[in-house]
Amino acid sequence: MNVSICGAECSQCPHRSACGGCAETSGRPFGRECILAACCRGKGGDSCGQCGGVCSLKAPLLAEFNHLGIPDLPEITDLNALPGSFINLSYTLPNGQTVHLLEDDKIYLGNQLEQAGRDRCYGLAADEDILLVCSYGEGGTDPEIIVYKKRGN
């Protein structure tokens with residue numbers, strides 16, 4: 001079993017071989033500091049057992065997502081560690097330019113929630129600096145930016 005610094009069991013992750021392993025890289029999967037590993041390490045331990053079940057990094061992000069006021073966005077109750085390469089969708093701006101808003105080699109906290117009555121999902125991603133909420137179809141098709149904003153740390 002490959003347990004990460006934050007306590008997540010990541011042996012089944014399809015990106016495991018590419019990231020190098022959390023414990024094996026000292027919390028630097030894909031060569032960059034993982035925000036969860038950094039948070040846990042900052043508590044003086046090698047794992048996130050000191051968080052009491054709710055990560056001190058996740059709690060403010062959950063509140064920020066839940067206070068965005070997006071009408072049919074369900075309450076966000078959990079965020080998962082996600083590699084940027086897995087969630088970095090390609091968005092087409094009104095001027096036709098295509099952009100990626102995330103970094104492939106970074107770990108974000110996020111989630112996916114179904115949109116009620118639609119064949120679309122909400123995708124959420126956040127790090128220390130940004131919040132992103134998007135909407136997309138099956139397999140990440142036809143993505144639309146709903147909210148992309150700088151966090152007020």
Legend entry - Any pair counted as salt bridge (charged side-chain N to carboxylate O under 4.0 Å, His left out), so long as it reaches residues 133-146, sequence neighbours left out: Arg120-Asp142, Arg120-Glu144
Inset, instruction - Keeping to residues at least two apart or across chains, list the salt bridge (charged side-chain N to carboxylate O under 4.0 Å, His left out) pairs with something in residues 90-99. - result: none
Inset, instruction - State, yes or no, whether a side-chain contact exists between Leu73 and Asn66 at a heavy-atom distance under 4.5 Å. - result: no
Inset, instruction - Kindly write out the residues that satisfy side chain to side chain donor-acceptor pair (under 3.5 Å) with Tyr91, not counting sequence neighbours, or none if the list is empty. - result: none
Legend entry - Side chain to side chain, Lys149 and Leu132, heavy atoms closer than 4.5 Å: no
Inset, instruction - Hey, could you give me the CG/OG1 distance between Leu93 and Thr98, rounded to the nearest 0.5 Å? - result: 7.5 Å
Legend entry - Separation between CG of Leu79 and CG of Leu124, rounded to the nearest 0.5 Å: 7.0 Å
Legend entry - Residues which pass side-chain contact (heavy atoms from CB on, under 4.5 Å) with Thr141, listed by chain and number, not counting sequence neighbours: none
Inset, instruction - If a pair satisfies side-chain hydrogen bond (donor to acceptor under 3.5 Å, both in side chains) and one of its residues is in residues 99-108, list it, with sequence neighbours excluded. - result: Arg32-Glu103, Arg32-Asp105, Asn88-Asp104, Lys106-Asp127
Inset, instruction - Mind checking the SG-CG spacing from Cys134 to Leu101? Nearest 0.5 Å is all I need. - result: 9.0 Å
Inset, instruction - In sequence, state the C-alpha distance, the side-chain angles, and the governing distance for Leu113 and Ile76, and then conclude on side chain to side chain contact (heavy atoms under 4.5 Å, CB included). - result: CA-CA 9 Å; Leu113 302 128; Ile76 313 306; 3.2 Å; yes
Inset, instruction - Scan side-chain atoms only and decide if Gln115 and Tyr136 contain a donor-acceptor pair under the 3.5 Å cut-off. - result: no
Legend entry - Heavy-atom closest contact (Ala81 atom, Ile107 atom, distance): CB-CG2, 3.9 Å
Legend entry - Minimal non-hydrogen separation, Pro143 against Ser90, with atom names: CG-O, 3.2 Å
Inset, instruction - Any chance you could measure Lys58, atom NZ, to Phe65, atom CZ, to the nearest 0.5 Å? - result: 12.5 Å
Inset, instruction - Can you measure from CG (Leu102) to CG (Leu89) and round to the nearest 0.5 angstrom? - result: 8.0 Å
Legend entry - Distance (rounded to the nearest 0.5 Å) between Leu61 CG and Asn111 CG: 12.0 Å
Inset, instruction - Search all heavy atoms of Leu131 against all heavy atoms of Ala126 and return the closest pair with its distance. - result: CD2-CB, 3.6 Å
Inset, instruction - Considering non-hydrogen atoms only, spot the tightest contact between Pro74 and Glu114 and give its length. - result: CG-O, 4.3 Å
Legend entry - SB check Arg151 Glu64 (cutoff 4.0 Å): yes
Legend entry - Of all pairs that satisfy side-chain hydrogen bond (donor to acceptor under 3.5 Å, both in side chains), the ones with a partner from residues 68-84, not counting sequence neighbours: Asp72-Tyr122
